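These notes concern the structure reproduced below.
Throughout, a chain's letter reflects where its sequence line sits, starting with A, and its residues are numbered from 1. All values derive from a computational prediction rather than experimental measurement.
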Number of protein chains: 2
Amino acid sequence: MNDMVPSPHDESQPMSLRERKKRLAQTTIEEAALRLFQQRGYEHTSIQDIADAVMMSPRTFFRYFASKEEVLFGPIHAVQSDGIRSLQQAASSESPLVALRTTFGYLASLYQQQRASFLIRYQVAKQTPSIASIYLYAMMEAEPAFCDALYVHLESVTDRNKIRFLVAIYMTAFRVALEEWMENGVQGDLVSLLGEYLEYFSSLSL
Amino acid sequence: MNDMVPSPHDESQPMSLRERKKRLAQTTIEEAALRLFQQRGYEHTSIQDIADAVMMSPRTFFRYFASKEEVLFGPIHAVQSDGIRSLQQAASSESPLVALRTTFGYLASLYQQQRASFLIRYQVAKQTPSIASIYLYAMMEAEPAFCDALYVHLESVTDRNKIRFLVAIYMTAFRVALEEWMENGVQGDLVSLLGEYLEYFSSLSL
DNA sequence: TTGACCTTTGTCATTAAGTGACATTATAAT
DNA sequence: ATTATAATGTCACTTAATGACAAAGGTCAA
């Protein structure tokens, strides 16, 4: 069994000057925005402020990000998409349970790779009530797609509902582990933390 | 053991004319807004449209509802608050597990009492991507308060994390049961559906 | 290198959510 | 009836987001 993890984003082409400038603008905006969010808070940072900071017109900001939230949650969406692809692949050759374990382990590793970035985003989101909902949703939006990926195995309606519940449980365990990890400043190993929660789960009786 | 369910909103005072007019205006706005949301969709219904429909100025709309979302999710917030109160009370005399069972049973009964209203809200939310996040959050926002309510029993850090996970699991079971119930047009008994999921949970091994 | 072509950017205008200030009207209390 | 209090409407303002169009910048072939 090889790596099983699809590389997040194919990064092979030479990249034209145009492409490079685009990427540069994107990361420039993102860095400036995150810095401002941390300094003044998300809500007290307007698009105009961000645009001023990077010397662009507000209109141009919206050519790189569909909204202010997108700056904050873009990478989370990207991770979720990677998770969906991972699960689709894993589900084709493994049982639902094994596939889920594989995928959530993979997701944990992605979070760990970008821990600094995700910590900032988490902290900004936590300090901003109007954003908390979007953060939660960003972490769970993949749930339906996860279910779809696993439906290839079992097809009766009751089985589908069980799969749905199973996915939701796994997502919950992952979310709780992630939150504890974030609260502790992304120190320690997220993968083993998730493992502890799943192990504890087995000992539960409701 | 008596009812254990605190009455949602104390409804005893005679109510002055002013109060009655206020309530009337509130329900009038809400009904008109929900009707418009169903007809044209949430995003294609502006505050102006709602204000026109009830012959009020847009400014007055905002004196009754803090936002457009509030019209849609107000009752869900209210149910969550009731749940928190219920759990605080139950947790003082029962074990965490029993208290959770009691409270989620109570919540299920509240949803069933207002099933028509909640179904509309669910359907509107489901049709509106920009709103889906807020719907999810509305259903889970009470999680931290639930944890706090149960922390009165156990106090070590590891126990708190376990309580946190336990609450999250229960919320997940409830959410999945609720979604299935909604998808099926709020037919059948939500309480027993929740029971089935919790029972199935016990048979799981991750 | 020049010029034609396509992309990116800026400017301007517009819709919609949300908020503060203040005057006007309706209700309550004496 | 008169005064205090609360509700409403009007106006002005900020901010997010989007469409249209012109100006500037990059790409590539001759």
For this session: Report the residues that fulfil ring-ring contact (aromatic ring centres under 6.0 Å, His included) with F61(A), sequence neighbours left out, ordered by chain and then residue number.
Result: F65(A)
For this session: Return yes if some donor-acceptor pair links the side-chain N/O of H44(A) with the main-chain N/O of Q39(A) below 3.5 Å, else return no.
Result: no
For this session: List in chain and number order the residues that pass ring-ring contact (aromatic ring centres under 6.0 Å, His included) with F174(B), two or more places apart in sequence or in another chain; answer none if no residue qualifies.
Result: F104(B), Y111(B)
Problem set entry | Any side-chain donor near an acceptor of the partner, E43(B) and S130(B), under 3.5 Å | yes
Problem set entry | side-chain hydrogen bond (donor to acceptor under 3.5 Å, both in side chains) partners of S46(A), counting only residues at least two apart | D49(A)
For this session: Pull out every residue in residues 122-136 of chain B that has a heavy atom closer than 4.0 Å to any atom of DNA chain D, ordered by number, or say none.
Result: none
For this session: Please work out which residues in residues 25-35 of chain B have a non-hydrogen atom less than 4.0 Å from an atom of DNA chain D and list them by number.
Result: none
Report all side-chain donor-acceptor pairs from residues 68-77 of chain B shorter than 3.5 Å, counting only partners two or more places apart or in another chain.
unit_1, atom_1, unit_2, atom_2, d
K68(B), NZ, Y42(B), O, 3.1
K68(B), NZ, T45(B), O, 2.8
H77(B), ND1, E141(B), OE1, 3.4
H77(B), ND1, E141(B), OE2, 2.5

Problem set entry | Selection residues 119-128 of chain B - residue pairs positive for salt bridge (charged side-chain N to carboxylate O under 4.0 Å, His left out), sequence neighbours left out | E30(B)-R121(B), K126(B)-E183(B)
For this session: Return no unless some side-chain N or O of K22(A) is found under 4.0 Å from OP1 or OP2 of dT8(C).
Result: yes
For this session: Take E31(B) and R35(B), measure what salt bridge (charged side-chain N to carboxylate O under 4.0 Å, His left out) needs, and give me the verdict at the end.
Result: CA-CA 6 Å; E31(B) 282 167 13; R35(B) 201 169 350 99; 5.7 Å; no
Exercise. Is there side-chain contact between W181(B) and Q112(B), with at least one heavy-atom pair below 4.5 Å?
Worked result: yes
Nucleotide N/O of nucleotides 20-23 of chain D paired with protein N/O under 3.5 Å:
none

For this session: Flag the pair F201(B) / L204(A) as yes when at least one side-chain heavy-atom distance between them is below 4.5 Å, and no otherwise.
Result: yes
Exercise. Yes or no on ring-ring contact (aromatic ring centres under 6.0 Å, His included) for Y137(A) and Y137(B), after CA distance, side-chain angles and deciding distance?
Worked result: CA-CA 7 Å; Y137(A) 187 68; Y137(B) 187 68; over 10 Å; no
Problem set entry | By ring-ring contact (aromatic ring centres under 6.0 Å, His included) - contacts of F62(A) (at least two apart) | none
Exercise. Between E180(B) and R164(A), is there a salt bridge with N-O shorter than 4.0 Å?
Worked result: no
For this session: Output the residues of residues 64-71 of chain B in contact with DNA chain C, where contact means a heavy atom of the residue under 4.0 Å from an atom of the strand; sort by number or write none.
Result: A66(B), S67(B), K68(B)
For this session: Could you tell me whether a side-chain N or O of T128(B) sits under 3.5 Å from a main-chain N or O of A125(B), the two making a donor and an acceptor?
Result: no
Problem set entry | Counterpart residues, ring-ring contact (aromatic ring centres under 6.0 Å, His included), relative to Y64(B) (two or more places apart) | none
Exercise. For the pair made of CZ in F62(A) and P in dG10(C), what is the distance, rounded to whole Å?
Worked result: 14 Å
Seminar exercise, completed: note: L24(A), atom CG; dT8(C), atom C1'; distance rounded to Å ~ 14 Å
Problem set entry | Those residues of residues 42-58 of chain B lying under 4.0 Å from DNA chain C by at least one heavy atom | T45(B), S46(B), I47(B)
Exercise. Hey, does the side chain of K21(B) come within less than 4.0 Å of dA7(D)'s phosphate (OP1/OP2), counting only N and O?
Worked result: no
